[in-house]
Protein chains: 2
Amino acid sequence: MTTIDETLKIIKRGTEEVLLEAELIEKLKLNRPLRIKAGFDPTAPDLHLGHTVLLNKMRQLQNLGHEILFLIGDFTGMIGDPSGKNETRPPLSREQVAENARTYQQQVFKVLDADKTKILFNSTWCNQLTSVDLIKLASSLTVARMLERDDFHKRFSNNQPIAIHELLYPLLQGYDSVVMQADIELGGTDQKFNLLMGRELQKQRGQAPQIVITMPLLVGLDGVKKMSKSLGNYIGIDEPPDEIFGKVMSISDEVMWIWYELVSFRSLDDIKQLRLDAEAGRNPRDIKLLLAEELTARFHSEEAAKTAHANFTARFQKGQLPTDLPLLELNHAGQALAIAQVMKQAGLAESTSKAMQLIQQGAVRVDGTRVQDKAYQLEPGGEYIVQVGKHRVAKIKISKTC
Amino acid sequence: MTTIDETLKIIKRGTEEVLLEAELIEKLKLNRPLRIKAGFDPTAPDLHLGHTVLLNKMRQLQNLGHEILFLIGDFTGMIGDPSGKNETRPPLSREQVAENARTYQQQVFKVLDADKTKILFNSTWCNQLTSVDLIKLASSLTVARMLERDDFHKRFSNNQPIAIHELLYPLLQGYDSVVMQADIELGGTDQKFNLLMGRELQKQRGQAPQIVITMPLLVGLDGVKKMSKSLGNYIGIDEPPDEIFGKVMSISDEVMWIWYELVSFRSLDDIKQLRLDAEAGRNPRDIKLLLAEELTARFHSEEAAKTAHANFTARFQKGQLPTDLPLLELNHAGQALAIAQVMKQAGLAESTSKAMQLIQQGAVRVDGTRVQDKAYQLEPGGEYIVQVGKHRVAKIKISKTC
């Protein structure tokens, strides 16, 4: 049996906020499967790793024995943009929604346990709402409170139009929680206002308010911006194994640790050990290989992951580089040599300060892995492929002896 | 045949605004009965003279051959106050609405021609609206535009709560115009924003926008505030003939002319003639008697009006005052005597300046009619009952000779 403290530790892993933790503890004490709501858009079911932050949290709760209610918000999707001003949001037909739902399931069940997941559509109950019901729902909140929502507030202050029906959507999302009798709702930090709406409406209707758990947005491959399709800094969970593996290997060490917390299934204790190993001198590249293998395996299979690993090593350590690449041996009195020094001596940078710049820009890879740590050193004995951008490359060996 | 110019003159009589007049002229040129919408609350069908300003305009349009659509807004009335915060607005049942509608008809057909009036209930079409329809309706306008409405603007600026459903009501009122394909909508000046909503929605849905005609609010018996039940300065159209007659006789001359324009059926030419008569020295009291008779006859009958007139004269000229009231004869060299002088000489005021004050306060009546004109004179020959407040009274005669 997992104690409440242990459960709490698992639930809180990687979360941004838990509102309210005291209430969560009370719910856990009920000792029954809690009803976990997470809502998804019925459009664009092309999931990337960023989406799995939420899915992983759902999976963790599933592993703890709770009931996952995977809600597809098809009601508003089938309305489209009612003002007709947004041509990119045409209404979806019932068939399109069903098709999207199938694609969703295909993708999310790479993370979630299908047997323990209930897929729901909010059109089931929202279509039953009469205009009178909707008017009553609209009476639940004041205009001023609704305009406190971050994006509404900004648009209103900047005199950007907010159509009146937009005020109804958060209320409908809250209404979903009432109908679903959700114990917990999960969402991204950008959904916080809408998630709290569920609490408000549940309270108004005499239900115990749901706990709101927000997850941070995953940083993308670039290590700067949140992962998104439009920024191109993403890993699609339907991408081929080699792509997934290679993309994970391209992230910085810093990003790697964030990803370990948010998208790895390893326990926090395991991750702590990996950090200790790194501090003790284990090559971060090896630790990154473990993550690349885990994620590739999750979205494909163990076998596919192993093959991707082998392909990756082959590509960067042995092949696909000019075959006539000369081996350049550098001598640093049998000691390891800092990467900037290596670059200067190998003619990959004019100076160490220029080399530092390139490292900072993320232009430098060793054996295919981006290096952003300026203190990174090449150990004596091994052979390394050092690349700067796409076109400058050198095969380097650091002498073991003076 | 009435020309468009003449029609326009009738329509514009007493109006506050016509939006847009040019469009109204175009509609009149169509030479077909126009569909005239006027909406009424399903509650409190106890109409007073103030309400008849609108009813009279409807009657005038009816006389011009147009179709009156008397709309009872029962849809929102049957919702009540959905927030449940306002205990004074409980939802009305279908039976209550029907009962109220009957009382309405009883009352409004004292002004309107029943044969040319269609009574409609907006629940007929609003109950058909699905939540999706309502969301689409809500997308018709932005929050900022809606908050331009006077009372919303004030409440929002003063941090007074506006529940979100309140934003939907003006849209529903506009939707009524769409369904009814209204050519013209009539309402009080306080309804202007809601009336314009009809124009907006009709345009959005490809209809020719309705003309909006606003009527001013009728000033009450006190000559200062708008007529309203809560202020007690009203004439209920169901009041007994003597009450109506007496109340009309109690208004000031100034108010009388406003009422002539807004609530008399006399033609503007007739009224112009009455003004000329008054300027030529005709006693305004006589002109007021005509109005009192007209209004009493409208809400009761010609006969009842004549009886009320007789009762009024009897009460104030002959009876119901102390029978032993001495006749006080004042001599002003055979000339008329100003009211303040009369009051001072009869001991009804300590000084003429005090008398002026009392006149200004509306405390002075001559033969039961309030006198607020400080230049008012009592003519030689006649006998007058001059009252100050409820308790001071004198029977006065001005000598015809020196």
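Each chain gets a letter, A, B and so on, in the order its sequence line appears, and its residues count up from 1.
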Please identify, among [options], the residue contributing the most non-hydrogen atom pairs under 4.5 Å to chain B.
options                        : answer
A/L172, A/V132, A/L147, A/L141 : A/L141
A/I162, A/N127, A/L171         : A/I162
A/D133, A/L129, A/V143         : A/V143

Heavy-atom pairs under 4.5 Å with chain A: which of B/I135, B/L167, B/L134, B/T130 has the most?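 Looking at each of B/I135, B/L167, B/L134, B/T130 in turn, B/I135 comes out on top.
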Tell me whether the centres of the aromatic rings in A/F193 and A/F152 are closer together than 6.0 Å.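 Centroid distance A/F193-A/F152: not below 6.0 Å, so no.
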Side chain, backbone, both or neither: which part of A/L168 has a non-hydrogen atom closer than 4.5 Å to chain B?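 Contact with chain B involves the side chain of A/L168 alone.
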With the threshold set at 4.0 Å, does a side-chain nitrogen-carboxylate oxygen contact exist between B/R145 and B/E200?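 Salt bridge: yes.
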Is any NZ, NE, NH1 or NH2 atom of the basic residue among A/D190 and A/K226 found under 4.0 Å from an Asp or Glu carboxylate oxygen of the other?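 No salt bridge links A/D190 with A/K226.
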Contact part of B/L137 toward chain A, heavy-atom cut-off under 4.5 Å: side chain, backbone, both or neither?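 Neither; nothing under 4.5 Å.
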Donor-acceptor pair between B/Q62 and B/T117 side chains, under 3.5 angstrom: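 Their side chains do contain a donor-acceptor pair, which is all the 3.5 Å distance test asks for.
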For the residue pair B/S177 and B/K37, confirm or rule out a side-chain donor-acceptor distance under 3.5 Å.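 The criterion, which ignores hydrogens and geometry beyond distance, is satisfied for B/K37 and B/S177.
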